[in-house]
Number of protein chains: 2
Amino acid sequence: MDSPRRSFTRESAENRREALIRATLTLIGRKGVQAATVRGIAAEAGVTLGLIRHYFEGKDELIYAAYQAHMIQLTDATMEGPRQSDKPAAHQLARIVRASLTPPVSSPKAVGLWAGFLNMVQRDPRMAEVHSRTYYDFRDRLQALIAPALEEAGETPTPERLRALAIACNAVIDGLWLEGGALPDAFGPGELVSIGLTSVGAILGLTLYDPGEEA
Amino acid sequence: MDSPRRSFTRESAENRREALIRATLTLIGRKGVQAATVRGIAAEAGVTLGLIRHYFEGKDELIYAAYQAHMIQLTDATMEGPRQSDKPAAHQLARIVRASLTPPVSSPKAVGLWAGFLNMVQRDPRMAEVHSRTYYDFRDRLQALIAPALEEAGETPTPERLRALAIACNAVIDGLWLEGGALPDAFGPGELVSIGLTSVGAILGLTLYDPGEEA
DNA sequence: CTTATATTTATACAAACGTATAACAATAAG
DNA sequence: CTTATTGTTATACGTTTGTATAAATATAAG
């Protein structure tokens, strides 16, 4: 009995690319890099494996696109929310800390994905470029908030000191993000956010209020 | 022309296991998880692939052993050095910060390796156990130094506060370690150590001196 | 309604994978 | 010196991998 050719509907290139990227992220996040095979990805996306080569030059380019998508998603989820340009910079800083240390930004899937990609950075210059760009982008945004927050407190740091503070705040946030995502049951609810706000505050010499406590 | 069977010398089980583990770490660190195949590992260790199954139940167990070895190596390199029980706890704390943020602990290879393993943690409970144990072990050692360092400064923190401080210091160190290893050219020599000491000091409310500055 | 286009499926293929097993030879034991 | 042991090499096997190519069909164009 020969099975009939499966029916299908045509989709836009954008939809298909998105679906394939999403399937790739799902697999790497759930089962690790080794599970992200072209057949596995195609099955997860509900298509056959030939489609991958139709939309991407090869598996490597799909992985590359998935890495970019994941990092953009992470950055957006961290920085999103109402602009609040009227609110003090310290307030916006606290918002970022909070977003960074709560799901979906800090989650086993997001951290696992990120780790898998980071392991690829060493052998692939394109992947390294994504990593580098993502790091500097986030740190620069942080620095752009630290400067006015210090000004509000009456301090005008030198460029060297500002750079050091941005590196340090970035590191605490990254470290807490990492640990919260990798060991989700090791910390109480809100514990990491609280520690993050206190630590960033201590490093900057400011007091940050928990944006979750406001009405 | 049939090539003759290659000559070999017998080695102790310990030597062989070590060589295979070292080869595994070299490959994952240099070319990523995907490159750590049984044939690649055997070639790197200078043996044939059959030996792997002779010393390990399968590839998974070799990976597991390599993960353990890497984390033990990392922890030892961080905590090593003269005991200095006579020196103040703050001094020992500074030593740990310094060791954590300089090679070989903070290096592209060490960080890349660690990331590859972390990606496996999600699907393999044994790998997760290694991660969890390593994290708590380091944090506990940190906490055991933070307490007396605060006492020296005349402060006696509550257990809750002590826990929060250990989590925070661990996070800064981890974050800086990560960024220094993943982007080795992004920071000046000694910059991360300096930032690490300042940040840990700010979080604890202490002043840490750079142990590299002493005679 | 007919035709053309190109998205999608289906199949094939060589290479590489982890594992299993048999043959060999270095070393220890007698 | 001879024998037994077992560390080590060598080879084979079935699966899975990424890629290439041909066939089919959903959709747009005329």
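Numbered from 1 within each chain, the chains take letters A, B, ... in sequence-line order.
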Nearest-Å distance for atom pair [atom1]/[atom2], residues [X] and [N]:
{"X": "B/I52", "N": "D/dT9", "atom1": "CD1", "atom2": "P", "answer": "11 Å"}
{"X": "B/I63", "N": "C/dT19", "atom1": "CD1", "atom2": "C1'", "answer": "15 Å"}
{"X": "A/L51", "N": "D/dA22", "atom1": "CG", "atom2": "C1'", "answer": "15 Å"}
{"X": "B/E61", "N": "C/dG18", "atom1": "CD", "atom2": "P", "answer": "15 Å"}
{"X": "B/L27", "N": "C/dC17", "atom1": "CG", "atom2": "P", "answer": "11 Å"}
{"X": "B/I41", "N": "C/dA16", "atom1": "CD1", "atom2": "P", "answer": "17 Å"}
{"X": "B/R16", "N": "D/dT6", "atom1": "CZ", "atom2": "P", "answer": "17 Å"}
{"X": "A/L49", "N": "C/dT8", "atom1": "CG", "atom2": "P", "answer": "14 Å"}

| task | Let me see the working for B/W114 and B/L178 under side-chain contact (heavy atoms from CB on, under 4.5 Å), right down to the final yes or no. | result | CA-CA 10 Å; B/W114 166 87; B/L178 187 62; 3.5 Å; yes
| remark: When B/R6 and B/A36 are each assigned the nearest nucleotide of DNA chain C, the 5'-most assignment goes to B/A36
| query | Taking for each residue the nucleotide of DNA chain C with the nearest heavy atom, is it B/T9 or B/K59 whose nucleotide lies nearer the 5' end? | reply | B/K59
Report the nucleotide, chosen from [options], that has the shortest atom-to-atom distance to any side-chain atom of [X].
{"X": "A/H54", "options": "C/dT8, D/dT8, C/dT9", "value": "C/dT8"}
{"X": "B/R53", "options": "C/dA20, C/dC24, C/dA10", "value": "C/dA20"}
{"X": "B/S7", "options": "C/dA26, D/dT9, D/dT8", "value": "C/dA26"}
{"X": "B/R10", "options": "D/dT11, D/dG7, C/dA10", "value": "D/dG7"}
{"X": "A/R39", "options": "C/dT9, D/dT9, D/dG18", "value": "D/dG18"}
{"X": "A/V38", "options": "D/dT8, D/dG18, C/dT9", "value": "D/dG18"}

| task | Looking at every strand, decide which applies to A/T48 at a 4.0 Å heavy-atom threshold: base, sugar-phosphate, or nothing. | result | base
| message | Within the 4.0 Å heavy-atom criterion, would you say A/Y55 contacts the bases, only the backbone, or no part of the nucleic acid? | response | sugar-phosphate
| Straight-line distance of A/I195 CD1 to A/F187 CZ, nearest 0.5 Å | 7.0 Å
| field | 5' precedence on DNA chain D between A/E57 and A/A35 (nearest-nucleotide basis) | value | A/A35
| remark: By nearest-heavy-atom nucleotide on DNA chain D, the more 5' of B/F8 and A/Q34 is B/F8
| task | State plainly whether the residues A/R163 and B/E191 are in salt-bridge range, i.e. N to O under 4.0 Å. | result | yes
| SB check A/K31 A/E44 (cutoff 4.0 Å) | no
| task | Would you indicate whether the side-chain heavy atoms of B/Y67 and B/T24 approach each other to under 4.5 Å? | result | no
| request: Check whether NZ of the Lys or CZ of the Arg B/R16 lies under 6.0 Å from the centre of the six-membered ring of B/Y55 and within 45 degrees of that ring's axis. | output: no
| message | What I want to check is whether an N or O donor and acceptor connect the side chain of A/R5 with the base of C/dT9 at under 3.5 Å. | response | yes
